[in-house]
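Working notes, structure below.
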2 protein chains.
Amino acid sequence: MSIATVSRALNTPEMVSPATVERVRQAVDELGYRPNLFAKGLLTRRSRVIGVSLPDIHGLFFSELMRSADDRACELGYHLLVSSNAHRADETPTGGFALDLADGLIVMLTERSRVDLEAIAALNLPTVVVGVDRPGLAVDTISFDNVTGAMSAVAHLLEGTPPDRCYFVGGHVGNIDSDERSAAFSEALRRDGHEPAPDQVAHGEYHFDWGWAWATEMLRQGRLRGAAVLGGNDEIAIGIANAARDHGLSIPEELRVIGFDDSSMCDCVRPKLSSVRIPVNDLGAEAVNAIIRRFEQPDSSPRHSRLATTLVRRDSSRVGPAG
Amino acid sequence: MSIATVSRALNTPEMVSPATVERVRQAVDELGYRPNLFAKGLLTRRSRVIGVSLPDIHGLFFSELMRSADDRACELGYHLLVSSNAHRADETPTGGFALDLADGLIVMLTERSRVDLEAIAALNLPTVVVGVDRPGLAVDTISFDNVTGAMSAVAHLLEGTPPDRCYFVGGHVGNIDSDERSAAFSEALRRDGHEPAPDQVAHGEYHFDWGWAWATEMLRQGRLRGAAVLGGNDEIAIGIANAARDHGLSIPEELRVIGFDDSSMCDCVRPKLSSVRIPVNDLGAEAVNAIIRRFEQPDSSPRHSRLATTLVRRDSSRVGPAG
DNA sequence: GTGGTTCGTGTAAACGGTTTCATCTGGTAT
DNA sequence: ATACCAGATGAAACCGTTTACACGAACCAC
């Protein structure tokens with residue numbers, strides 16, 4: 001029996017007589033034969049591997065994204081080759097990534113400065129960019145609608161707090177989401193007829209400590225009681241809430257807080273944290289779907305989808321008595 | 001110039017005249033040449049890819065593990081091919097994983113039942129198992145010392161609480177870590193001269209809700225006040241603390257709580273959660289180190305290393321006044 | 001019986017590199 | 001001038017698979 005027949009028996013059994021297929025299967029089991037994926041890939045130019053480049057692998061957000069992507073990839077018979085690109089500032093966004101092994105690339109970007117999308121497009125590898133929406137670009141993008149989410153959060157804050165007592169405490173300037181949320185916050189106040197003062201918007205880092213530090217300073221100045229804050233993410237919001245509690249402010253009666261991301265922590269802190277939900281699960285799965293679609297229709301025009309975000313109301317932003 | 005010369009110029013420049021190397025480099029830049037990794041792998045049998053199989057990609061613990069592994073791998077010029085194996089109960093622990101592409105495998109196991117280590121060893125791919133210590137086995141293992149950590153946690157609980165009022169609330173039976181921690185808890189009480197009653201050890205799930213449910217039931221029975229609890233992980237501990245707080249118990253005065261894992265949440269809940277620290281960072285990095293060592297010395301006898309855990313004391317288990 | 005069709009199988013040419021071995025060059029010792 | 005050697009390069013084999021093509025056998029219709 002020739003090598004060719006074996007190859008056909010394994011890949012296209014319908015081209016081979018049933019008896020031969022059976023003989024091959026038996027031999028494979030017996031010998032523990034496993035096809036060499038390099039030889040296969042060399043010829044077929046397919047590895048069923050999808051490269052994933054994230055700013056950072058750590059944290060609930062990215063971790064959930066990875067899981068949903070992995071689940072979807074697994075369903076479709078693909079595997080994920082991951083790398084974080086945050087610490088590799090000197091390299092391409094694909095991370096010096098020797099991942100020419102991958103059939104396609106999912107790149108998540110969170111920093112404006114590192115957005116070297118042209119370089120990515122130049123790889124002419126099927127690519128999906130997650131986290132950035134730039135309709136003009138020649139690659140598929142999937143992002144989520146920070147604006148709507150932030151606006152409904154502000155609307156909720158305004159239900160019980162005057163516009164000049166609302167604050168946004170975000171991540172650092174240059175972070176795409178933080179910037180979008182910050183802009184949406186200001187815009188929402190403007191639509192309410194209030195031009196936000198400069199100190200109503202603050203920028204720091206996506207971390208508890210920053211929220212804590214900001215709130216502590218505000219407390220020192222006696223400006224936090226009766227305010228309402230939208231955190232750039234849940235960690236910041238929790239940091240703020242903790243500082244307030246540590247100084248005897250009760251939430252939501254004396255300070256109302258909303259976070260962003262709706263991570264699993266929201267339900268576990270007390271009071272439970274209201275937050276803007278991002279459909280992270282859909283994000284990961286959709287990214288994989290988009291890559292696969294591009295495998296199948298390489299020349300279709302790039303799609304730019306934007307996933308909706310929704311406000312989840314919990315205790316930390318409640319107006320009036322508990323319910 | 002022949003293909004062979006180009007190959008040498010790129011891989012072993014010292015074998016080629018400097019002028020030629022320069023010419024090649026220039027041509028590479030100009031043409032955007034990128035070596036085909038499949039062809040390369042076919043011949044060299046090396047891909048610089050390490051497969052990582054985790055029970056679940058999600059959660060702070062795994063996410064931190066992944067990051068430290070990725071960081072270390074990146075330093076050494078390797079990449080990570082990940083897959084979770086939890087949902088693939090029907091397949092091999094390597095996950096049907098078409099990752100014959102990988103040079104080696106890091107497999108993390110948390111469930112006793114899924115420990116089909118023989119099957120992994122049969123792949124005769126360099127392998128490191130994380131999370132299980134079974135000295136007899138023919139593969140390297142890296143695990144962490146649940147016993148010491150749990151024992152020092154119990155010792156701390158006993159500083160202010162009688163042994164019959166100490167509880168362990170773990171994950172489900174069959175989870176390796178939970179079982180080890182549970183056994184260590186009981187053993188620690190015994191060494192203190194107290195045979196633990198059956199209800200001093202409970203098993204559920206690694207989730208807030210389980211901790212909350214357990215504590216709520218205990219409260220209903222009026223048995224939680226004055227107790228001290230070691231949670232199987234931080235989530236469970238936080239769930240317990242939340243339930244206690246929701247029912248007006250103050251922590252640590254009326255209930256002392258310690259978690260396990262020392263995740264980033266410990267510092268963000270109030271009161272701050274004492275917890276047994278697991279050196280997750282070392283775990284990931286060491287796993288990669290171990291794999292690389294095995295690449296270099298394929299026939300060295302298997303190593304079994306066990307990383308120390310340490311109790312981090314915070315407010316939730318404090319005895320006496322705040323400090 | 002001949003020619004065409006179909007089906008199953010074998011042959012051999014890729015795929016894109018690495019590596020062994022041979023060749024060529026120029027310099028140096030004798 | 002000859003022999004020798006080292007360093008730089010080229011020719012060709014090889015890695016394990018897929019696949020285009022050729023081939024032979026069995027079947028059918030005329």
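What you see is a predicted model; the values in this text were computed from it and never measured. Side chains are part of it too, since the values below use all heavy atoms of this structure and drop only hydrogens, waters and symmetry mates. A note on names: the letters A, B, ... follow the listed sequences, proteins ahead of strands, and every chain is numbered from 1.
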Item checked: Flag for B/Asn233-B/Asp261: side-chain donor and acceptor within less than 3.5 Å ->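 No - no donor-acceptor pair under 3.5 Å links their side chains.
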Note to self: So if I apply the side chain to side chain donor-acceptor pair (under 3.5 Å) rule between B/Ser63 and each of A/Arg67, A/Glu64, A/His58, which one comes out positive?
What the structure shows: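 Only match with B/Ser63 under side chain to side chain donor-acceptor pair (under 3.5 Å): A/His58.
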Counting side-chain heavy atoms from C-beta on, which of [options] comes nearest to [X]?
X: B/Arg45; options: D/dC15, C/dG10, C/dT19; value: D/dC15
X: A/Met1; options: C/dT18, C/dG10, D/dT9; value: C/dG10
X: B/Ala4; options: C/dG16, D/dA12, D/dG16; value: D/dA12
X: A/Asn11; options: D/dT18, C/dC15, D/dC14; value: D/dT18
X: B/Lys40; options: D/dG10, C/dT18, D/dT18; value: C/dT18
X: B/Thr5; options: D/dT9, D/dG16, C/dT9; value: D/dT9

Measure [atom1]/[X] against [atom2]/[N] and give the value in whole Å, please.
X: B/Ile3; N: D/dA13; atom1: CD1; atom2: C1'; answer: 12 Å
X: A/Arg23; N: C/dT9; atom1: CZ; atom2: C1'; answer: 11 Å
X: A/Asn36; N: C/dG17; atom1: CG; atom2: C1'; answer: 14 Å
X: A/Leu43; N: D/dG16; atom1: CG; atom2: P; answer: 14 Å
X: B/Leu37; N: D/dG16; atom1: CG; atom2: P; answer: 18 Å
X: B/Arg46; N: C/dT18; atom1: CZ; atom2: C1'; answer: 15 Å
X: B/Leu42; N: D/dA13; atom1: CG; atom2: P; answer: 17 Å

Next item on the list: Report yes if at least one side-chain N or O of A/Ser7 is closer than 4.0 Å to OP1 or OP2 of D/dT18; otherwise report no.
Entry: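 Yes.
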Margin query: Strictly below 4.0 Å: does A/Thr20 bring a side-chain N or O up to OP1 or OP2 of C/dT9?
Written below: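 Yes, A/Thr20 has a side-chain N/O under 4.0 Å of OP1/OP2 on C/dT9.
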Notebook entry, point to check: Is there side-chain contact between A/Tyr78 and A/Phe295, with at least one heavy-atom pair below 4.5 Å?
Noted result: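 SC-SC contact between A/Tyr78 and A/Phe295 confirmed.
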Next item on the list: Please tell me if the side chains of B/Leu101 and A/Val49 come closer than 4.5 Å, counting only heavy atoms from C-beta onward.
Entry: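 The answer is yes, as the side chains (C-beta and beyond) meet within the 4.5 Å cut-off.
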Next item on the list: Would you mind classifying the nucleic acid contact of B/Arg8 as base, sugar-phosphate or nothing, using non-hydrogen atoms under 4.0 angstrom?
Entry: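 Base contact.
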Check: When all nucleic acid strands are considered with a 4.0 Å heavy-atom cut-off, which category describes B/Ser17: base, sugar-phosphate, or nothing?
Finding: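 Here B/Ser17 touches the backbone only, sparing every base.
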Item checked: Residue whose closest nucleotide on DNA chain D lies nearer the 5' end, B/Ala39 versus A/Val6 ->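 Upstream on the strand: B/Ala39.
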Notebook entry, point to check: Taking for each residue the nucleotide of DNA chain C bearing the nearest heavy atom, is the 5' side occupied by B/Met15 or by B/Phe38?
Noted result: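 Nearer the 5' end of the strand: B/Phe38.
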Check: Does the B/Asp100 side chain pair with the main chain of A/Leu37, one donor and one acceptor, at a distance under 3.5 Å?
Finding: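 No, the answer is negative, given that no donor and acceptor are paired below the 3.5 Å cut-off.
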